[in-house]
Amino acid sequence: MRTRPLKVALLGCGVVGSEVARIMTTHADDLAARIGAPVELAGVAVRRPSKVREGIDPALVTTDATALVKRGDIDVVVEVIGGIEPARTLITTAFEHGASVVSANKALLAQDGAALHAAAEANGKDLYYEAAVAGAIPLIRPLRESLAGDKVNRVLGIVNGTTNFILDKMDSTGAGYQEALDEATALGYAEADPTADVEGFDAAAKAAILAGIAFHTRVRLDDVYREGMTEVTAADFASAKEMGCTIKLLAICERAKDGASVTARVHPAMIPLTHPLASVRGAYNAVFVESDASGQLMFYGPGAGGSPTASAVLGDLVAVCRNRLSGATGPGESAYAALPVSPMGDVVTRYHISLDVADKPGVLAQVATVFAEHGVSIDTVRQQGKDGEASLVVVTHRASDAALNGTVEALRKLDTVRGVASIMRVEGE
Ligand SMILES: NC(=O)c1ccc[n+]([C@@H]2O[C@H](COP(=O)([O-])OP(=O)(O)OC[C@H]3O[C@@H](n4cnc5c(N)ncnc54)[C@H](OP(=O)(O)O)[C@@H]3O)[C@@H](O)[C@H]2O)c1
């Protein structure tokens, strides 16, 4: 074993960074044996230097992250600050000053992954980011390496624990959205400002990263269609139950049937209770991957939290350190397929539409005609009437999102349709 240690600069020592530092210290001997050289924490950049950080030598702590990454003797920079800046500049500066980078920063990778990969390649360095998607769950490496010989057609996942916790609560207790969110906040599963989670921004960033890797194509955050889950109601869950389904916020990345384009989207959707993703409870994450040769694979586990996320960071750290010792780099960006990303209107799936209608003869025929005129074929219809009003629940066969939108627009114009109570996509069949 080499005795000269590999030097690691830790940028950020919060929820994830403090766990990275702890595991680096407590598992130092095992890590050294696995890597073939000891790893040394050479500096820790934070915002508040006076904060007491258990297990961290105060002499290592600095507020000057730029000076730390410019030192020139750093082998690996671990970026766990988060956000776009200063993380982006620090990462590119690290490459320019000879370090490889491990990051957990989904927001940055979804927005600027291509430029960061280019910077890594230009400097002959590694950029690893297993922790950016679904915390501890190995996903990036299986997609990038284990499935490199296969053809991935679909990635369907629950990649946000907060929203899964909320939806699971609504499903199991009949609670409304706000009540379930309040519980998630009280238990620490939701942040004080839950927007990034409940509006699907966090999941969309992960979808962009997953789609890019799965389809060897650049997919940016802006390419991902996104709908949050704040409008999901207890009534939607009741409807889902009647269909033998539950509701999950899904990230869905698909290759078109003709293979010529891809789509990436995040929205709440009904999935059958028989689908493996339906049984993912609480704040857990799971990702379902469908490939030509492998068939269906499911990856499951804790998608966030300091220690699980640090596990993924440490795995990357070991890989990057090994590369460093052997003078190699791991796989870089693979975007050779350069497939176009199609708009949401091209997505083809099934729909569950709940309408409030007048309870009188001929309404059903009128509604059915509108669906037919837009080329959307109906699978089932359920009608419940009371006091001259009725609710009509229509489940369609597969249709394009554009066709469905046209249908709904036309339905809203019918005198007999009082309102469109909910539209939910049905996935996983
Ligand atoms: N938390 C999770 O469960 C989880 C899961 C997967 C991925 N991630 C990703 O991991 C990254 C870190 O998340 P986190 O939850 O650990 O965040 P966090 O608890 O807020 O920690 C952020 C750390 O960065 C430091 N920092 C902030 N601005 C800085 C600056 N300008 N210069 C130097 N240090 C700065 C903070 O310093 P102070 O300590 O002085 O405030 C803090 O130590 C994010 O990209 C996040 O998306 C997190």
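Ligands are counted one by one from 1 in listed order, and the atoms in each one are counted from 1 as well.
For ligand 1, the atoms sitting less than 4.0 Å from at least one non-hydrogen atom of P86 are 31 (N), numbered in the order shown with element in parentheses. Short contacts between ligand 1 and C13, defined as distances under 4.0 Å to a heavy atom of the residue, involve ligand atoms 23 (C), 42 (C), 43 (O). The atoms of ligand 1 that sit less than 4.0 Å from any heavy atom of G12 are 23 (C), 24 (O), 25 (C), 43 (O). Atoms of ligand 1 found under 4.0 Å from any heavy atom of A304, numbered from 1 in the order shown, are 3 (O). Atom numbering of ligand 1 starts at 1 in the shown order; those under 4.0 Å from a heavy atom of G305 are 2 (C), 3 (O).
For atom 38 (P) of ligand 1, a protein heavy-atom neighbour is found at a distance under 4.0 Å.
The distance from the OG1 atom of T163 to the CZ atom of F165 is 11.5 Å, given to the nearest 0.5 Å. The distance from atom CG of D126 to atom CZ of R322, rounded to the nearest 0.5 Å, is 13.0 Å.
In terms of protein heavy-atom proximity, atom 15 (O) of ligand 1 is closest to V15 CB, 3.5 Å. Scanning the protein for heavy atoms near atom 6 (C) of ligand 1, the closest one is T309 CG2, 3.4 Å. Ranking the protein heavy atoms by distance from atom 21 (O) of ligand 1 puts G14 CA, 3.4 Å first. Ranking the protein heavy atoms by distance from atom 40 (O) of ligand 1 puts R48 N, 2.6 Å first. Looking only at heavy atoms of the protein, atom 12 (C) of ligand 1 is closest to V80 O, 3.3 Å. V16 CG2, 3.5 Å is the protein heavy atom nearest to atom 48 (C) of ligand 1.
Residue contacts with ligand 1: A45 is included, with a non-hydrogen atom under 4.0 Å away. The shortest separation from a heavy atom of L11 to ligand 1 is not under 4.0 Å, leaving the residue out of contact. Ligand 1 lies within reach of K106, whose nearest heavy atom is under 4.0 Å from it. Residue contacts with ligand 1 include R53, since one of its heavy atoms falls under 4.0 Å from the ligand.
Considering backbone and side-chain atoms alike, G306 places every N or O at 3.5 Å or more from each N or O of ligand 1. When only interatomic distances are considered, the shortest N/O to N/O separation between T63 and ligand 1 does not fall below 3.5 Å. The distance criterion of under 3.5 Å between nitrogen or oxygen atoms is met by R47 with respect to ligand 1. Of the polar atoms of G83, none of the N or O atoms is found under 3.5 Å from an N or O of ligand 1, judged by distance alone.
Under the 4.0 Å criterion applied to side-chain N and carboxylate O atoms, E290 and R255 are not assigned as salt-bridge partners. With salt bridges taken as basic N to acidic carboxylate O contacts below 4.0 Å, none links E409 and R412. Ion pairing between K248 and E427 fails under the 4.0 Å rule for side-chain N and carboxylate O. Between R265 and D401 no salt bridge is recorded (no basic side-chain N to carboxylate O distance below 4.0 Å).
With distances taken over non-hydrogen atoms, the option nearest atom 44 (C) of ligand 1 out of S50, A87, G82, P308 is G82. Summarising the contacts of atom 46 (C) of ligand 1 with S307, A104, A312, the nearest heavy atom is found in A104. Among I81, D202, L90, the residue whose heavy atom lies nearest to atom 32 (N) of ligand 1 is I81.
For the pair R144 and Y128, the cation sits on the ring face: its NZ or CZ lies under 6.0 Å from the ring centre, inside 45° of the axis. A cation-pi geometry, defined here as NZ or CZ lying under 6.0 Å from the six-membered ring centre and within 45° of its normal, does not hold between R154 and F288.
Between F95 and H117, the distance separating the two ring centers is not shorter than 6.0 angstrom.
Counted within 6.0 Å of NZ on K70, heavy atoms from surrounding residues, nucleotides or ligands total 12 or fewer; the atom is thus considered open. Other residues, nucleotides and ligands contribute more than 12 heavy atoms inside 6.0 Å of the CD atom of E85.
The shortest heavy-atom contact between L277 and L156 is CD1-O, 3.6 Å.
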Side chain to side chain donor-acceptor pair (under 3.5 Å) for D171 and T246? Distances and angles first, verdict last.
CA-CA 7 Å; D171 190 21; T246 186; 2.9 Å; yes
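Residues L325 and L6 form a side-chain contact, since some pair of their non-hydrogen atoms from C-beta on lies under 4.5 Å apart.
At a heavy-atom cutoff of 4.0 Å, ligand 1 is contacted by the backbone of A131 but not by its side chain.
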